[in-house]
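Heads up, the thing below is written out as structure tokens.
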Amino acid sequence: MFKTSRNSLLLVLFASVTLLSSVAHAKCSATACTGKVKRLYQYADRDLLVTMEGDQRQLNCTLISKVYQKLDHKAPRFKEIHAMLLAAYLAGRPITVRAKSGGECEVAYVVLDG
């Protein structure tokens with residue numbers, strides 16, 4: 001009997017943790033969003049567009065198509081930032097994306113914590 005109760009308790013605990021982790025969303029302020037990358041949209045010859053889980057409308061800039069921040073393909077560290085965003089996306093890890101204020105939402109930098 002104890003073994004069955006213990007297994008049931010473990011099952012409920014696992015389900016709870018899984019449910020709680022799946023509802024986590026990005027936290028956004030006027031300058032940055034921290035959370036999981038929802039979508040990366042890469043043009044063949046142009047910029048990378050990124051959207052995060054949660055409400056990015058709090059950013060103090062204009063989102064492209066009301067959902068994307070832009071990483072300019074001419075940015076000095078485009079490849080490095082692109083690689084960090086892709087790594088965070090593939091690993092399902094949260095990342096902070098800092099947006100330049102005013103005008104179109106353009107990525108200023110990213111932070112990936114260990």
With a 4.5 Å heavy-atom cut-off, do Leu85 and Leu40 have their side chains touching? yes
Where the side chain of Asn60 meets the backbone of Gly102, is there a donor-acceptor pair that is under 3.5 Å apart? no
Verify side chain to side chain contact (heavy atoms under 4.5 Å, CB included) between Cys33 and Thr96, making sure each step is shown before the conclusion. CA-CA 6 Å; Cys33 287; Thr96 299; over 6 Å; no
Here the side-chain hydrogen bond (donor to acceptor under 3.5 Å, both in side chains) pairs for residues 76-88, sequence neighbours left out, are Gln42-His82
Could you please spell out the steps behind the salt bridge (charged side-chain N to carboxylate O under 4.0 Å, His left out) verdict for Asp72 and Lys74? CA-CA 5 Å; Asp72 190 327; Lys74 294 179 183 176; over 6 Å; no
Gln69: what forms a side chain to side chain donor-acceptor pair (under 3.5 Å) with it, not counting sequence neighbours? Gln56
Return each pair, listed once, that meets ring-ring contact (aromatic ring centres under 6.0 Å, His included) where at least one residue sits in residues 33-60; pairs must be two or more places apart or across chains. Tyr41-Tyr43, Tyr41-Tyr68
In this structure, CD1 of Ile64 is separated from NZ of Lys70 (nearest 0.5 Å) by 5.5 Å
Each residue besides Leu59 in its hydrophobic cluster should be listed here, by chain and number; the cluster joins Ile, Leu, Val, Met, Phe, Trp and Tyr at side-chain heavy-atom distances under 4.5 Å. Leu63
How long is the span from the CG atom in Leu86 to the CG atom in Leu48, to the nearest 0.5 Å? 9.0 Å
What's the shortest heavy-atom distance between Val97 and Val107, and which atoms? CG1-CG2, 3.8 Å
Leu90 reachable from Met52 in the ILVMFWY side-chain graph, under 4.5 Å edges: yes
Applying salt bridge (Lys or Arg N to Asp or Glu O under 4.0 Å), which residue pairs with at least one partner in residues 87-102 are found, sequence neighbours left out? Lys100-Glu106
From Val67, Val50, Leu49, Thr51, residue fulfilling side chain to side chain contact (heavy atoms under 4.5 Å, CB included) relative to Arg39: Thr51
Determine which pairs satisfy disulfide (SG to SG under 2.5 Å) with at least one residue from residues 78-112, sequence neighbours left out, and list them in order. Cys61-Cys105
So which heavy atom on Ile95 is nearest to which on Met84, and how close? CD1-O, 3.9 Å
ring-ring contact (aromatic ring centres under 6.0 Å, His included): which pairs involve residues 83-114, sequence neighbours left out? none
